[in-house]
Amino acid sequence: MTPPIRVCVVDDDMFVRQALGGYVEAHPDFALVGRCAHGGEAVALAEAQTVDVFLMDVQMPVMDGITATRTITAGRPTTRVLLMTSFDDDRAVQAGLDSGASGFLLKSSTPETLLLALRAVHAGAYVLSPEPARRMTRPPAPAPEHPPIALSASELEVLALV
């Protein structure tokens with residue numbers, strides 16, 4: 001039997017923290033090792049004990065999830081971070097992945113998806129919610145075609161001087 005995956009839930013909303021923590025605790029292949037209200041607490045916990053996966057909100061006071069992720073993964077490269085947010089923002093997704101996160105889920109994900117994602121990032125996989133994944137893997141739209149610009153004689157003269 002493999003040891004349980006040690007998870008810490010990090011969210012500034014106490015209700016979310018309690019609900020996610022309770023859900024994680026209810027499954028025998030997970031061990032809830034902490035609940036933190038902001039990224040600063042998560043960084044301190046990562047320094048004090050072994051955490052396999054942080055389930056971390058992106059937007060929090062004191063220290064946001066992206067800064068905390070960067071700090072945690074720099075100091076503990078085997079620790080995984082699964083970011084969660086209710087804001088479907090491509091810049092946040094990219095910043096989170098650039099910070100060292102192993103995944104990015106929207107809070108609208110199902111509980112089953114959350115558990116699968118925790119297991120996947122613990123195993124070394126990368127996880128991305130379907131909505132941002134579709135946008136990030138779609139080829140860029142072609143640049144719109146513009147009609148040729150006609151410049152006046154004086155504008156051409158200025159252009160030549162520049």
Do side-chain atoms of [X] reach the backbone of [Y] as a donor and acceptor pair under 3.5 angstrom?
| X | Y | value |
| --- | --- | --- |
| T67 | M63 | no |
| T69 | V81 | no |
| R6 | V33 | no |

Can you tell if the side chain of [X] reaches within under 4.5 Å of the side chain of [Y], non-hydrogen atoms only?
| X | Y | value |
| --- | --- | --- |
| M84 | M56 | no |
| D98 | I66 | no |
| L105 | L83 | no |
| V10 | E41 | no |
| L20 | R35 | no |
| S109 | L114 | no |

Check: What are the two closest non-hydrogen atoms of A117 and V127, and how far apart are they?
Finding: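 Shortest heavy-atom contact: CB-CG1, 3.8 Å.
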Check: Between D64 and V58, what is the shortest heavy-atom contact and its length?
Finding: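 In terms of heavy atoms, the two residues are closest at CB-O, 3.4 Å.
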Check: Going through the checks in order, is the side chain to side chain contact (heavy atoms under 4.5 Å, CB included) test met by K107 and V16?
Finding: CA-CA 10 Å; K107 287 184 178 176; V16 172; 4.3 Å; yes
What is the distance from atom [atom1] of [X] to atom [atom2] of [Y], rounded to the nearest 0.5 Å?
| X | Y | atom1 | atom2 | value |
| --- | --- | --- | --- | --- |
| D13 | M60 | CG | CE | 12.0 Å |
| S99 | R70 | OG | CZ | 5.5 Å |
| C8 | L45 | SG | CG | 5.0 Å |
| L116 | T110 | CG | OG1 | 7.5 Å |
| L55 | R80 | CG | CZ | 15.5 Å |

Check: Is there any ring pair (Phe, Tyr, Trp, His ring centres under 6.0 Å) pair reaching into residues 24-83, and which pairs are they, with sequence neighbours excluded?
Finding: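 Passing the test, one end in residues 24-83: Y23-H27.
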Note to self: Regarding R76 and D52, does a basic nitrogen lie under 4.0 Å from an acidic carboxylate oxygen?
What the structure shows: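 Salt bridge flag = no for D52 with R76.
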Notebook entry, point to check: Could R17 and D57 be called an ion pair, given the rule that one side-chain N must be under 4.0 Å from one carboxylate O?
Noted result: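 Salt bridge between R17 and D57, a charged N being under 4.0 Å from a carboxylate O: no.
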Checklist line | Qualifying side chain to side chain donor-acceptor pair (under 3.5 Å) pairs, either residue in residues 116-128, two or more places apart | finding: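 Every side chain to side chain donor-acceptor pair (under 3.5 Å) pair that includes a residue of residues 116-128, provided the two are not neighbours, is D29-R119.
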Please tabulate, for the side chains in residues 151-162, all donor-acceptor contacts under 3.5 angstrom to protein atoms that are two or more places apart in sequence or on a different chain.
unit_1 : atom_1 : unit_2 : atom_2 : d
S152   : OG     : S154   : OG     : 3.3
S152   : OG     : E155   : N      : 3.2
S152   : OG     : E155   : OE1    : 3.3
E155   : OE1    : S152   : N      : 2.8

Checklist line | CA sep, side-chain torsions, deciding dist, call: L118, V24, side chain to side chain contact (heavy atoms under 4.5 Å, CB included) | finding: CA-CA 10 Å; L118 287 169; V24 167; 4.1 Å; yes
